[in-house]
Amino acid sequence: MEQQKQRVSEGMVSENILKRWETRGVSRRDFMKFCSAMTATLALPMTMMSRVAEAIEADNRPPVIWMEFQGCTGDSEAFLRSNQPTAAQIILDYLSVDYHETIMAAAGHQAEAAKMATFEKYKGKYIAIVEGSIPAAEGGIYCTVAGNSALNIAREICGNAAATIAVGSCASFGGIPAAAPNPTGAISVSQAVPGATVMNLPGCPLNATNLTAAIVHFLTFGKLPATDSLGRPKFAYGKRIHDNCERRAHFDAGQYAEGFGDAGHRQGWCLYKLGCKGPETFHNCPTVRYNEGTSWPVQAGHGCIGCSEPQFWDTMSPFYNRLPNVPGFGVEASADKIGLGIAAATAVAFGAHGVASALRKGDDVGSEQVKKED
Ligand code: SF4
């Protein structure tokens, strides 16, 4: 049965493409797994898989200039350490990352020359990726690279890019450097370069699967995915964490951990009373997860801290205080409310199933038809 499913999905992608990836050391099974996971993450119908495969294979891939400003490099780490689904091998090796301070062999003047060569040659065609916030106080002196301020660099590079992707909460919304009292005047990329086309991928760190999917979308359709009012792609930030959380049934049943390590906590009950911000946070952490889809904070026993929301360090703290006025809390008081809560959770769970299973069970490629959201 599994072999049959693999044959069905392989039939969606040209034999030549599969063979070429095999010669590059990527088995056809891994390549199909990658394409199906990307298609599912983007909430595209599986019939789009062949187009995704062709786009990744095409020769006209845009170069990437990855800039690191006021951040901790956690987003680069998250992307480079991810194996699922061979993101580094498929995207980094075949997308031309012409400038990335952390991973490039060149340094100093050589590195700057590489960046400017790409800038001049591909003006208006390259993808700019920004990690870290941009300090704007006192003319931007708090972050300089090669004698130039992050503010000036961002304006020049992002202002002339085909598209800019702000990775992580610092680049997206200012993040921790922008927390009160924000001594460096840290701002987001879209604030620093108001005219640029910027898509935000907040999270501490970003989820590598979402960055890969956004790049795949750009390669496939020539534009970034549809975004919400905060510039976040809907495929990744369209649903509340609370609505896809595996502990949601316990929330609806009024079963809460009261302290770390207590009986409820050990049994996987809801972490709301321990400060979980999942009811007010939009991200696909529960379905995509981190570390090859292994786990995410709530599964590991810690409440969500709302890191994909603007100014989370100020607005979501104290992190261990419970959110006020969450609808449905204390639902034991009303059986009707319990019923409504469970019905809503079940509907969302069905919607998320395709994404979750495609990511966690690569063997099932071709067996899921994921509804397009947009
Ligand atoms: S409050 Fe947190 S732990 Fe509880 S169901 Fe919502 S997201 Fe999950």
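In this chain, numbering begins with 1 at the start of the sequence shown. All ligand and atom numbering here is 1-based and tracks the order in the structure. Below, each value reflects all heavy atoms present in this structure, side chains not excepted, and no hydrogens, waters or symmetry copies.
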Please tabulate, for the side chains in residues 156-170, all donor-acceptor contacts under 3.5 angstrom to protein atoms that are two or more places apart in sequence or on a different chain.
unit_1, atom_1, unit_2, atom_2, d
N160, ND2, E156, O, 2.8
S169, OG, G203, N, 3.0
S169, OG, C307, O, 2.5

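- From M48, atom CE reaches atom SG of C35 across 12.0 Å, with rounding to the nearest 0.5 Å.
- Expressed to the nearest 0.5 Å, how far CE of M199 lies from CG of D228 amounts to 11.0 Å.
- Shown are the protein N/O/S atoms under 2.8 Å from atom 6 (Fe) of ligand 1, given by residue and atom: H242 ND1.
- Note on ring orientation: taking the six-membered ring where Trp is involved, the planes of W66 and H100 are tilted (angle from 30° to 60°).
- For Y237 (side chain) and E309 (main-chain N/O), no donor-acceptor pair under 3.5 Å exists by modelled atom type.
- Ring orientation note: the planes of F34 and F31 are close to parallel, at an angle under 30° on the 30°/60° scale.
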